[in-house]
Number of protein chains: 2
Amino acid sequence: MSVPVQEETLRARKRTATLLTIRTAAIELGLEKGYENVTVEMICEASMVSQRTFFNYFGSKEGVFVTAGKNMPSPEQVHGFVEGTGSSVFGDLFSLIADTMVDGDPNLKLFRSRHQLIAQTPELLNREKARISETEEAFVGYVMARYHFQGRDVSSTPDLEDEARMVVALVSGAMRYAMQKWVAGNFTATRTELVRSVSALIQRVTANEHWP
Amino acid sequence: MSVPVQEETLRARKRTATLLTIRTAAIELGLEKGYENVTVEMICEASMVSQRTFFNYFGSKEGVFVTAGKNMPSPEQVHGFVEGTGSSVFGDLFSLIADTMVDGDPNLKLFRSRHQLIAQTPELLNREKARISETEEAFVGYVMARYHFQGRDVSSTPDLEDEARMVVALVSGAMRYAMQKWVAGNFTATRTELVRSVSALIQRVTANEHWP
DNA sequence: CAGCATATTTGCAGTTCCTGTAAATATGCA
DNA sequence: TGCATATTTACAGGAACTGCAAATATGCTG
């Protein structure tokens, strides 16, 4: 009758709790005093752990602010993208990335605070950009998989991988644009609307072009 | 008769010499041992200056490798872009940025060594990317200026600045794509060819789209 | 050239981030 | 309960970086 409630072991729960405690304290301090005026020591004192534990969890001071939980799409998400109805690689990829960033984080409040802090701290913003761009390689793979699923092949299109890279680069650019608007608070819309709005802008921009 | 040879004062020449000595030593050591295995102390010993002097010059360890001086486009370049014949914002902006990056470094040998080291050091590569993306804000301004020069105005197009940002974001994405290829050594072409190639790819990618 | 003003270099103390190591403590499990 | 393993902690120390004031070098004027 009684379902085992113990989905997670005590250890795991404590770990999660500690991680969240530290991160919350860090972000709170960061927003209050500014990133560079917060020392690891302060964060540790506020969250009642040793410095060594802090570094065990996050590896670096920046890590506690920048590293989100998992920010790679789940296999299901990837599958959905690869075999998607997919008339629009661009829109679909944008959605996939947006999903990965937003839905991955269960705590929306913390997520927003985190991004507010990152947005107002050049050092963290750069790191965040770097982190995002590091995942691009994976996305190139997904786009290629999708192309293959659609029957497109390297034999028919020799520079198919270049094409994939370009798609990822463009989406990435669009993503940065969207993130910028989002943290600036100009996007209260749902993600669907956001995708639509961004897509429209891209279309307009590219349509206006008289290419060289 | 004798033209004053003293274009630069002794002080200035010494400064330049010291800077070059330190940077050269640093890059040599970096290529030899790898970035993270080189300490500032080693660089200082090799170039016979104190650590304090090192930091006076470069501000940080990364600085000696990444900072190339400021490379923003000259007023003439900007003017050329703003009032350009301009059938293609995209291509023109891409060219402007490419010009800005390649220009300016008188010492080609060192320039190449530097980029080789940056390319093989993720930490430096990220920093380099960050440095580039920091100039994006300025480019948004140039695009807006160009729009205005073309008679486009915020009154007729309320979200003109959004459009400018999107253009910069997309070009920036394309730029990263190009840099990636460049670092990988797949681009031996001239910049004109590079622009053409990138443009063609963008057109193909966007043309294939069935936008949402 | 002397001598003063200013620029540059340097030494040194101190802060902060971060790492290795080994001991102490907590949890999981038989 | 008691052992295996995971987690936390203290401690020592390396390396990046900053502020400060003294020492040195250069520029300039008379």
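Values below: all heavy atoms of this structure, side chains included; hydrogens, waters and symmetry mates excluded. Every value quoted in this text rests on a predicted model; they were computed, and no experiment measured them. Letters go in sequence order (proteins before strands), and every chain restarts at 1.
- Shown here are the salt bridge (charged side-chain N to carboxylate O under 4.0 Å, His left out) partners of B:Glu41, two or more places apart in sequence or in another chain: there are none.
- In terms of the side-chain hydrogen bond (donor to acceptor under 3.5 Å, both in side chains) criterion, residue partners of A:Glu62 (sequence neighbours excluded) are, by chain and number, A:Arg127.
- Partners of A:Ser50 according to the side-chain hydrogen bond (donor to acceptor under 3.5 Å, both in side chains) rule, which considers only residues two or more places apart in sequence or in another chain, are A:Thr53.
- A cation-pi contact, defined as under 6.0 Å to the ring centre and within 45° of the axis, is absent between A:Arg114 and A:Phe65.
- Rounded to a whole Å, the CD1 atom of A:Ile43 is 12 Å from the C1' atom of C:dT16.
- Residues that satisfy the salt bridge (charged side-chain N to carboxylate O under 4.0 Å, His left out) test with B:Arg15, not counting sequence neighbours, are absent from this structure.
- Nucleotide C:dT10 holds its C1' atom 16 Å from the CD atom of B:Glu45, rounded to whole Å.
- The OH-P distance, from A:Tyr35 to C:dT16, rounds to 13 Å in whole Å.
- Looking at heavy-atom distances under 4.0 Å, B:Tyr57 makes contact with sugar-phosphate atoms alone, never a base.
- Scanning atom types as modelled, one donor and one acceptor separated by under 3.5 angstrom connect the side chain of B:Arg11 and the base of C:dT6.
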### Query
What one-letter contact string describes nucleotides 9-22 of chain D from 5' to 3', where B marks a base within less than 4.0 Å of any protein heavy atom, S marks contact via sugar-phosphate atoms alone, and - marks no contact?
BB-----SBBBB--
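- By the ring pair (Phe, Tyr, Trp, His ring centres under 6.0 Å) test, B:Phe54 is found to be paired with B:Phe58, residues two or more places apart in sequence or in another chain being considered.
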